[in-house]
Asks: 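If you scroll down you'll find the structure; I have some questions about it.
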Amino acid sequence: MKAIVYTKYGSTDVLQFTNVEKPAPRENEVLVKIHAAAATIGDVIVVKGEPFPVRFWSGLLEPKHKIPGKEMAGRVEAVGGNVKQFQPGDEVFGDLSVCGFGAFAEYVSVPENAIALKPANLTFEEAAAVPESAVVALQGLRDHGKIQPGQKVLINGASGGVGSYAVQIAKSFGAEVTAVCSTSNLDTARSIGADHVIDYTREDFTQNGQQYDLILAANGYHSLADYRRALCPEGVYVGTGGTMAQTFEAMLRGPIISMTGSQKMSNMLVKPNKADLVFMKELIEAGKVTPVIDRCYPLSEAPEALRYVEAGHARGKVVITIGA
Ligand SMILES: NC(=O)c1ccc[n+]([C@@H]2O[C@H](COP(=O)([O-])OP(=O)(O)OC[C@H]3O[C@@H](n4cnc5c(N)ncnc54)[C@H](OP(=O)(O)O)[C@@H]3O)[C@@H](O)[C@H]2O)c1
């Protein structure tokens, strides 16, 4: 089968488009013919092996898993003898970071609990854009942010892969949502349901006197001190990404602020799981969430897709189309 392969850490130039052996499903596995995958900043991180701590699970000296890619959608081609939940022909989607990556390929063999039936109203390209980014946003708002109906919620980085889901998920929980993005993305933010938009190139929301019950920051973008000003006295800040400095600040200072005051501040790590995939499938089928796709690349151009994502200005998700 065709796949994108890397055998050493480095820039996206280390990725090779080549032929590898097609996998066969073990007893508890499902063989999926992948139709589409998503290119994410997380894929760039595992290809580079940077920041270094990522290597404690991706392989210390060289990558443990040779085919990158975590978010994917496709059709079940075959199932192992112990598989109970799927049969050939089922359309599925999933986050392969729980089972060794491998979405940048024509086929993957995965444990049945890593995937779920794909939302019936989405194309494979749209479904591939969901599994991790949407679940990060969901867990950030619901589990870490304890979002409540009527709350004032601000999403910083609202036009990116995580943020475009966060806006829609926050709306589905009944929040009043403010989206922060750049000028060219204001209309997209409004179109996915944001009640208010702030153009970060013209206005700094941490300086305008407004306060929010919950802030989800897709990346850091500001210091914790800035975010504290924009939080209500009992507000919650959840960061999903950012520079090493921002992540460490949230990891070290966040718990101290949370213990010594009434505001809560933390950075989160997604916990991929089937229940949340199914939760997102239902929200999508109910018409409450729609993936925002910036652009699609063929599998052979996956390195280019990752370079585009790495530049940090994708509007929604970037998808790799693999086959019909
Ligand atoms: N915690 C976890 O478990 C977990 C899991 C997955 C991903 N992540 C992390 O989540 C973060 C977000 O991922 P993502 O897919 O949404 O991609 P991203 O590259 O962070 O987001 C791109 C968006 O950020 C916007 N942006 C850039 N600078 C900004 C600024 N100063 N203020 C506000 N928005 C700005 C861009 O909008 P403009 O083009 O309008 O500037 C673009 O739409 C990444 O750091 C990723 O590593 C974390």
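As the structure lists them, so they are numbered: ligands from 1, and atoms in each ligand from 1. Atom set for the values below is all heavy atoms of this structure, side chains included, hydrogens, waters and symmetry mates excluded.
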Asks: With atoms numbered from 1 as shown, which atoms in ligand 1 lie under 4.0 angstrom from a non-hydrogen atom of N156?
Replies: 32 (N), 33 (C)
Asks: Among all protein heavy atoms in this structure, tell me which lies nearest to atom 12 (C) of ligand 1, with the distance rounded to 0.1 Å.
Replies: A218 O, 3.6 Å
Asks: May I ask you to check whether Y221 has an N/O atom sitting below 3.5 Å from an N/O atom of ligand 1?
Replies: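 Min N/O separation from ligand 1 is below 3.5 Å for Y221.
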Asks: Considering both backbone and side-chain atoms of H313, is one of its nitrogen or oxygen atoms within less than 3.5 Å of a nitrogen or oxygen in ligand 1?
Replies: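 Yes; the residue has a nitrogen or oxygen that sits under 3.5 Å from a nitrogen or oxygen of the ligand.
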Asks: Taking NZ, NE, NH1 and NH2 as the nitrogens, is one of them in K271 or D143 under 4.0 Å from a carboxylate oxygen of the other?
Replies: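 So K271 does not pair with D143 through a salt bridge.
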Asks: Between E310 and R307, is there a side-chain N and carboxylate O pair less than 4.0 Å apart?
Replies: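 No.
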Asks: Please could you name the atoms of ligand 1 that A314 approaches to less than 4.0 Å, counting only its heavy atoms?
Replies: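 Those qualifying, in numeric order: 42 (C), 43 (O).
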Asks: V180 and side chain to side chain contact (heavy atoms under 4.5 Å, CB included): which single residue from T206, V197, I198 fits?
Replies: I198
Asks: How does I41 reach ligand 1, if at all, at less than 4.0 Å between non-hydrogen atoms: by side chain, backbone, both, or neither?
Replies: side chain
Asks: For V270, take its heavy atoms, then give the atoms of ligand 1 lying under 4.0 Å from any of them.
Replies: 2 (C), 3 (O)
Asks: Which atoms of ligand 1 have any heavy atom of L269 under 4.0 Å away?
Replies: 1 (N), 3 (O)
Asks: What donor-acceptor contacts under 3.5 angstrom involve side-chain atoms of residues 17-27, with partners at least two apart or in another chain?
Replies:
| residue | atom | partner | partner atom | Å |
| --- | --- | --- | --- | --- |
| N19 | OD1 | K2 | NZ | 3.1 |
| K22 | NZ | E77 | OE2 | 2.9 |
| R26 | NH2 | E29 | OE2 | 3.2 |

Asks: Taking distance alone, with no angle check, do N219 and ligand 1 share an N/O pair under 3.5 Å?
Replies: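 Yes, at least one N or O pair falls under 3.5 Å.
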Asks: Can you tell me how far apart CD1 (I284) and NZ (K118) are? Round to the nearest 0.5 Å.
Replies: 10.5 Å
Asks: Hey, are E176 and K152 close enough for a salt bridge, meaning a charged N less than 4.0 Å from a carboxylate O?
Replies: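 Salt bridge between E176 and K152, a charged N being under 4.0 Å from a carboxylate O: no.
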Asks: With no hydrogens and no angle check, just 3.5 Å: does a side-chain donor-acceptor pair link S159 and T188?
Replies: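 No.
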Asks: Nearest 0.5 angstrom please: T40 OG1 to L306 CG, how far?
Replies: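 Reported value, rounded in 0.5 Å steps: 7.5 Å.
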Asks: Answer side chain, backbone, both or neither: which part of K317 comes under 4.0 Å from ligand 1, heavy atoms only.
Replies: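 None of K317 does.
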Asks: Counting both backbone and side chain atoms, is some N or O of M268 under 3.5 Å from an N or O of ligand 1?
Replies: yes
Asks: Going by the order shown, which atoms of ligand 1 are within less than 4.0 Å of some heavy atom of G161?
Replies: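 So the answer, numbered in order with elements, is 14 (P), 15 (O), 16 (O).
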Asks: Pull out every atom of ligand 1 sitting under 4.0 Å from any heavy atom of N185, numbered as shown with elements.
Replies: 37 (O), 38 (P), 39 (O), 40 (O)
Asks: Given that the side chain starts at C-beta and the backbone is N, CA, C, O, which of these parts of V162 lies under 4.0 Å from ligand 1, counting heavy atoms, or is it both or neither?
Replies: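 Both backbone and side chain of V162 come within 4.0 Å of ligand 1.
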Asks: Provide the number and element of each atom of ligand 1 under 4.0 Å from a heavy atom of G157.
Replies: 33 (C), 34 (N)
Asks: Which one holds for T240 and ligand 1: side chain close, backbone close, both close, or neither close, with close meaning a heavy atom under 4.0 Å?
Replies: both
Asks: Quick check for you: to the nearest 0.5 Å, what is the distance between Q151 atom CD and Y212 atom OH?
Replies: 13.5 Å
Asks: Could you list which atoms of ligand 1 come closer than 4.0 Å to a heavy atom of E132?
Replies: 5 (C), 6 (C)
Asks: For atom 37 (O) of ligand 1, which of the options G42, G242, S159, G160 provides the nearest non-hydrogen atom?
Replies: S159
Asks: Quick one: pull up CD1 in I320 and CZ in R295 and give me the separation to the nearest 0.5 Å.
Replies: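 Interatomic distance, I320 CD1 to R295 CZ, rounded to 0.5 Å: 13.0 Å.
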Asks: Taking K317 first and then E71, would you say they form a salt bridge - that is, a charged N and a carboxylate O separated by under 4.0 Å?
Replies: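 Yes.
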